[in-house]
Amino acid sequence: FAATPRTSRNNYHLAQAYLDKYYTKKGGHPLGEMAARGGNSMVKKIKELQQFFGLRVTGKLDRATMDVIKRPRCGVPDVAN
Amino acid sequence: YRLFPGEPKWKKNTLTYRISKYTPSMTPAEVDRAVQMALQAWSSAVPLSFVRVNAGEADIMISFETGDHGDSYPFDGPRGTLAHAFAPGEGLGGDTHFDNAEKWTMGTNGFNLFTVAAHEFGHALGLAHSTDPSALMYPTYKYKHPYGFHLPKDDVKGIQALYGPRKTFPGKPTVPHASPHNPSIPDLCDSGSSFDAVTMLGKELLFFRDRIFWRRQVNLMSGIRPSTITSSFPQLMSNVDAAYEVADRGTAYFFKGPHYWVTRGFQMQGPPRTIYDYGFPRNVQRIDAAVYLKDAQKTLFFVGDEYYSYDERKRKMEKDYPKNTEEEFSGVNGQIDAAVELNGNIYFFSGPKAYKYDTEKEDVVSVLRAGSWVGC
């Protein structure tokens, strides 16, 4: 299944918002740092999410990972805040 | 299971909760019921009890909110984030918010409120998200049937790591809501013996002391049986401060600290309430004794060396109270532990003594030993 460019972009933004909400330690990581390192920090967080949910840890937004991201859930972050 | 950093937990066993805002997609009664069942899921595993208040600040404030609602965790409209809750602590601590943009339900045609509430109350009590997919504290929504629901093992381990287990009867299988241990039965016949509360209930007289109560037919001295309070009143606290019955309403009221319970016979009528509904001032923290006077349709509440009078017809506290007990009831000395009206007399129990007060003569006409009421 090859996502269309638009779907990829949507998924990317959805994932970015998800990771910022549930996998970012507030107050510990100034937002600027995240922007400066770009994908790298995002890959780290995708791996954290995959580990938490018991998925294969690839660091990529594969289908299983996107399925989890799209599931309704609790608003408390998964990482300590 | 996971705990929050610093392992915040509540330092008391009785927590108050208040539902301050409801959702249009369920009736208030349904919301109340779902919240009560969700709290019960946790109280069946640890020695915590939850008391509902209808006004003012509660430990766990519960509300349905939309979008940005001022706690720096804005909701995001339908799906996505369904709810959130804050770890134990002052102020926002323990507070639980549900996204009003969701369709909440008691069943499965939307998001089941019991399922989400039970999860969020886990946070409000100190649990973080669990990585165990079978756990209630797993972050993503998965419908849980409310009736007959039991906490999964991972959640029981987590919550008991914070508050310890709710103890059970020795030798019996684990029973939720079982009273903590097999209490010893006080010897009511020793000279210093007294009661915590005495009340009529239907055709019987009930005498409460510590975790035990005795039942006797009014006109029979034989067949008096002790049993544990929690075996007949499972939701009541394990001991009682005061009790009275309004017979023509078939309703009895039991008091413990700043809360009271309403029963019909032995059947609880809903969750505990706050004594401030009666109109007591805030400095009154507990009731020592209560007695309903049938002809006057008034209930007297004894607190320390004073007493209040509550008009049961008008459902409001009478003016010019409290009054001093000894001044109004001559011959009755000491703090009142319990009181009951029978055949036009009020029987005041103070320590080991029981005063028979004739309301017509307005005087004490005899003094017995409290234990004589249960056959000593």
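The figures that follow rest on heavy atoms only: side chains count, while hydrogens, waters and symmetry mates do not. Below, chain A is the first sequence line, B the second, and so on; all start at residue 1.
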Chain A heavy atoms under 4.5 Å from [X]: which part of the residue, side chain, backbone, both or neither?
| X | value |
| --- | --- |
| B/Ala128 | neither |
| B/Phe75 | neither |
| B/Asp132 | neither |
| B/Tyr138 | side chain |
| B/Ala87 | neither |

Self-check item: Gap separating the CD atom of A/Gln51 from the OG1 atom of B/Thr131, nearest 0.5 angstrom
Solution: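 Result: 10.0 Å between the selected atoms.
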Q.
Nearest 0.5 angstrom please: A/Asp78 CG to B/Thr140 OG1, how far?
A.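 Here the rounded value is 9.0 Å.
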Flag side-chain contact, heavy atom, 4.5 Å: [X] against [Y]:
| X | Y | result |
| --- | --- | --- |
| B/Pro139 | A/Arg71 | no |
| B/Leu82 | A/Arg73 | no |
| A/Phe52 | B/His129 | yes |

Q: Check whether more than 12 heavy atoms from other residues, nucleotides or ligands sit under 6.0 Å from atom NZ of A/Lys60, and answer yes or no.
A: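 Atom NZ in A/Lys60 is not crowded, with 12 or fewer foreign heavy atoms closer than 6.0 Å.
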Heavy-atom count check: over 12 atoms from other residues, nucleotides or ligands less than 6.0 Å from A/Lys47 NZ?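 Counting other residues, nucleotides and ligands, NZ of A/Lys47 stays at 12 neighbours or fewer.
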Check whether the side chains of B/Thr81 and A/Tyr18 place a donor and an acceptor atom closer than 3.5 Å, and report yes or no.
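Judged by distance alone, the side chains do not pair up.
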Which pair of heavy atoms, one from B/Glu120 and one from A/Cys74, lies closest together, and at what distance?
->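 Nearest heavy atoms, B/Glu120 then A/Cys74: OE2-SG, 3.0 Å.
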